[in-house]
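Remarks on the structure that follows.
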Amino acid sequence: MARKARTWKGARTPSALKRARQSQRRRVVNKRTRSEAKTLVQHAAGVATGRTEGDATTAVAAAISALDKAAEKGIIHPNNAARRKSRLMAKVNAAHAFDETAGAGRRRKTAAGKTEQRKKVAAAKASKAAAARSADRPRTAAGKARVAVTRATRETSAAQRRSTKAAAKPTEKPAETPAEPAPENPES
């Protein structure tokens with residue numbers, strides 16, 4: 001006689017049944033905490049950007065606290081909490097919510113400003129490299145060895161190029177021999 005397939009695939013032992021009940025109760029609590037943290041983060045972002053009314057400092061502090069508590073309890077991963085806090089602070093900083101004189105005396109970044117900044121950085125790097133090449137600055141032993149190897153390599157390769165050029169270049173042109181006349185064809 002064939003056995004019929006089991007329909008219940010879940011827990012069977014008393015301890016497994018108890019763990020299932022515990023996880024259902026914990027799921028409700030975790031969902032509430034997770035939802036509250038998300039709501040506080042959204043509220044803080046809204047206050048920071050000016051969409052909703054309220055104090056930005058307290059809203060951000062409450063959101064960060066909720067995220068830290070959720071991560072501490074294991075409801076969300078600590079890296080998840082860190083990522084959310086980082087994104088929230090980026091929004092707050094972009095909106096200048098903590099700056100009482102938002103916009104006063106501050107310039108916005110533009111493409112021209114970025115180009116100027118790149119030029120400044122390039123000039124600073126060039127002056128730093130020039131200072132490094134100057135004789136006033138003492139070199140380390142490794143730096144001296146690297147310079148010596150580079151110079152020796154350059155000198156060797158220059159000598160090799162000179163020798164190959166000299167070998168390829170003929171010193172005297174050979175005397176040209178007159179061309180012999182072509183034999184005449186007696187049949188024509």
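Quick caveat, the model's predicted, so the values are computed rather than measured. By convention here, the first residue in the shown sequence is residue 1.
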Using a 3.5 Å cut-off and no angle test, enumerate the donor-acceptor pairs between side-chain atoms of residues 64-76 and protein atoms at least two apart in sequence or in another chain.
| residue | atom | partner | partner atom | Å |
| --- | --- | --- | --- | --- |
| D68 | OD1 | K85 | NZ | 2.6 |

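- Nearest heavy atoms, T49 versus A95: CA-CB, 4.0 Å.
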**Asked** When you look at D55 and V47, which way does the side chain to side chain contact (heavy atoms under 4.5 Å, CB included) test go after all the steps?
**Response** CA-CA 7 Å; D55 184 27; V47 169; 5.9 Å; no
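- For the atom pair R162 CZ and Q160 CD, the distance stands at 10.5 Å (nearest 0.5 Å).
- In this structure A152 satisfies the side-chain contact (heavy atoms from CB on, under 4.5 Å) test with no other residue, sequence neighbours excluded.
- Checked against side-chain contact (heavy atoms from CB on, under 4.5 Å), R87 has the following partners two or more places apart in sequence or in another chain: R83.
- Partners of V121 according to the side-chain contact (heavy atoms from CB on, under 4.5 Å) rule, which considers only residues two or more places apart in sequence or in another chain, are Q117, K125.
- Contacts classified as side chain to side chain donor-acceptor pair (under 3.5 Å) and involving residues 16-29 (residues at least two apart or in different chains) are given here: R19-Q22.
- Among residues two or more places apart in sequence or in another chain, the side-chain contact (heavy atoms from CB on, under 4.5 Å) test is passed with S86 by none.
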Please list, one pair per line, the donor and acceptor atoms closer than 3.5 Å that link side chains of residues 32-46 to other protein atoms, with sequence neighbours excluded.
| residue | atom | partner | partner atom | Å |
| --- | --- | --- | --- | --- |
| T33 | OG1 | V29 | O | 3.0 |
| T39 | OG1 | S35 | O | 2.8 |

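- A search for side chain to side chain donor-acceptor pair (under 3.5 Å) contacts involving T150 returns nothing, not counting sequence neighbours.
- Listed by chain and number, the residues in a side chain to side chain donor-acceptor pair (under 3.5 Å) with E155 amount to none (sequence neighbours excluded).
- Contact check for R12 versus L17: no side-chain heavy atoms found under the 4.5 Å cut-off.
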